K.L.:
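Here you go, one structure.
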Amino acid sequence: MSTHPRLGLNDHFTNPVRLSLMAALAGVDEIDFKSLREALDISDSALSKHSGSLEQAGYVTIRKGFVGKRPRTWLSISADGKAAFTAHVASLRELTAGL
Amino acid sequence: MTESSSEHGVEAAPPGRPLTPAEQLALLEGSHAKLAAVRTRAHRRLAWFATVLGLLIGAAHVVPSVFRPDESLPAFLTAMGVYVVAVLVVTVWYLRTRTATTLGGGRRYLLGLAITMVLYAGALTLLGRETWPVALVVGLVIAAPLVIAGWWRRA
């Protein structure tokens, strides 16, 4: 017996910024903070806040490094994040089918 | 700068209100173009880096055939010096300008690099026994896996 599609929805992704962030990370191996911020049209602090929350949930991996002497932050989606996001999008499609 | 979803093609939702499923899907579709541009830029950068690096590794096989160390050691050492500097320059350029890695791009690059290095090691047995045109062809064969891996893109 199949479960209702609403059960596949993830509360972490109902916020527009987090949803956009997960969609962006799902399409790359890794992306730097600045490029992600520009792609999502959000502020540094907003991206920090939302990526930090998703990192705490285990959906995003944040790696800090240096290019020369300049610090650079890289973000990527974790395996758990990928699975949760895929399930979330599949549930969205199922719920909205026929609308 | 805003956290509103209107910039991604969805009517602005009041701050803090979770999006409905239809709004979420619309948001995902609206943000696709901007993300595609980021991925395309990252793909091209990796592709050009892999191309130049692959050709440089292939050139490492050709250099001893063109600038034979037994004929002119200074010419050979100069050519190898230029080669090393070129590898360093292209690597630093890529590391400094890289802003993203496309999905699977890193794995494909490593696989291409591994095959290229295996071919390079195998071709060492030919050194000194081939003319420079043959060495040039072998150099291109050595470069091919890395170049192809760089430009390969998931459907």
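Quick caveat: nothing in here was measured; it's all calculated off a predicted structure. Residue numbering restarts at 1 for every chain, and letters A, B, ... go by the order of the sequence lines.
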K.L.:
So how far is it from F33(A) CZ to T99(B) OG1, rounded to the nearest 0.5 Å?
P.N.:
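Spacing of CZ (F33(A)) from OG1 (T99(B)) equals 14.5 Å.
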
K.L.:
Relative to chain A, which of A42(B), A100(B), G106(B) shows the most heavy atom pairs under 4.5 Å?
P.N.:
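When all of A42(B), A100(B), G106(B) are compared, A100(B) has the most.
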
K.L.:
If you check every heavy atom in residues 86-96 of chain B against those of chain A, which residues fall under 4.5 Å?
P.N.:
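If one takes a 4.5 Å heavy-atom cut-off, the residues of residues 86-96 of chain B near chain A are L95(B), R96(B).
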
K.L.:
Grouping I, L, V, M, F, W and Y whenever their side-chain heavy atoms are under 4.5 Å apart, do I77(A) and L9(A) come out in a common cluster?
P.N.:
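Cluster IDs for I77(A) and L9(A) match.
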
K.L.:
Can you hop from V118(B) to V137(B) via hydrophobic side chains spaced under 4.5 Å?
P.N.:
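No, it is not one cluster - the side chains of V118(B) and V137(B) are not joined through contacts under 4.5 Å.
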
K.L.:
What are the residues of residues 48-75 of chain B, in order of number, with any heavy atom under 4.5 angstrom from a heavy atom of chain A?
P.N.:
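So far as heavy atoms go, nothing in residues 48-75 of chain B approaches chain A to under 4.5 Å.
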
K.L.:
Heavy-atom distances under 4.5 Å only: say whether R98(B) touches chain A with side chain, backbone, both or neither.
P.N.:
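When you check distances to chain A, atoms from both the backbone and side chain of R98(B) fall under 4.5 Å.
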
K.L.:
Tell me, do T14(A) and Q24(B) make a side-chain contact under 4.5 Å, heavy atoms counted?
P.N.:
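Sidechains of Q24(B) and T14(A): in contact.
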
K.L.:
Go through it in stages, so that I can follow the logic: the residues are L25(B) and R93(A), the test is side-chain contact (heavy atoms from CB on, under 4.5 Å), and I'd like the CA-CA distance, side-chain angles, deciding distance and then a yes or no.
P.N.:
CA-CA 7 Å; L25(B) 270 184; R93(A) 294 221 162 93; 4.1 Å; yes

K.L.:
State yes or no: do L110(B) and W74(A) share one hydrophobic cluster built from I, L, V, M, F, W and Y residues joined by side-chain heavy-atom distances below 4.5 Å, directly or via other members?
P.N.:
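Not linked; separate clusters.
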
K.L.:
Chain B contacts: which residues in residues 78-86 of chain A have a non-hydrogen atom closer than 4.5 Å to it?
P.N.:
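From residues 78-86 of chain A, the residues near chain B are K82(A), F85(A).
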
K.L.:
According to a 4.5 Å side-chain heavy-atom criterion applied to Ile, Leu, Val, Met, Phe, Trp and Tyr, with indirect links allowed, do V147(B) and M117(B) form part of one hydrophobic cluster?
P.N.:
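No, separate clusters.
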
K.L.:
Mind checking which of residues 22-29 of chain A sit less than 4.5 Å from chain B, heavy atom to heavy atom?
P.N.:
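The residues closer than 4.5 Å to chain B, in numerical order, are A23(A), A24(A), A26(A), G27(A), V28(A), D29(A).
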
K.L.:
Between L21(A) and F13(A), is there shared hydrophobic-cluster membership here, with clusters defined by ILVMFWY side-chain heavy atoms closer than 4.5 Å?
P.N.:
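Yes, it is one cluster - the side chains of L21(A) and F13(A) are joined through contacts under 4.5 Å.
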
K.L.:
So N15(A) and L19(B), do their side chains get closer than 4.5 Å, heavy atoms only?
P.N.:
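SC-SC contact between L19(B) and N15(A) ruled out.
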
K.L.:
Please identify, among L19(A), L47(A), I31(A), V67(A), the residue contributing the most non-hydrogen atom pairs under 4.5 Å to chain B.
P.N.:
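Looking at each of L19(A), L47(A), I31(A), V67(A) in turn, L19(A) comes out on top.
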
K.L.:
Please report the closest heavy-atom contact between P21(B) and L92(A), naming both atoms and the distance.
P.N.:
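P21(B) and L92(A) have their closest heavy atoms at CA-CD2, 3.5 Å.
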
K.L.:
Under a 4.5 Å heavy-atom cut-off, does chain B meet the side chain of R70(A), its backbone, both or neither?
P.N.:
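Neither the backbone nor the side chain of R70(A) comes within 4.5 Å of chain B.
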
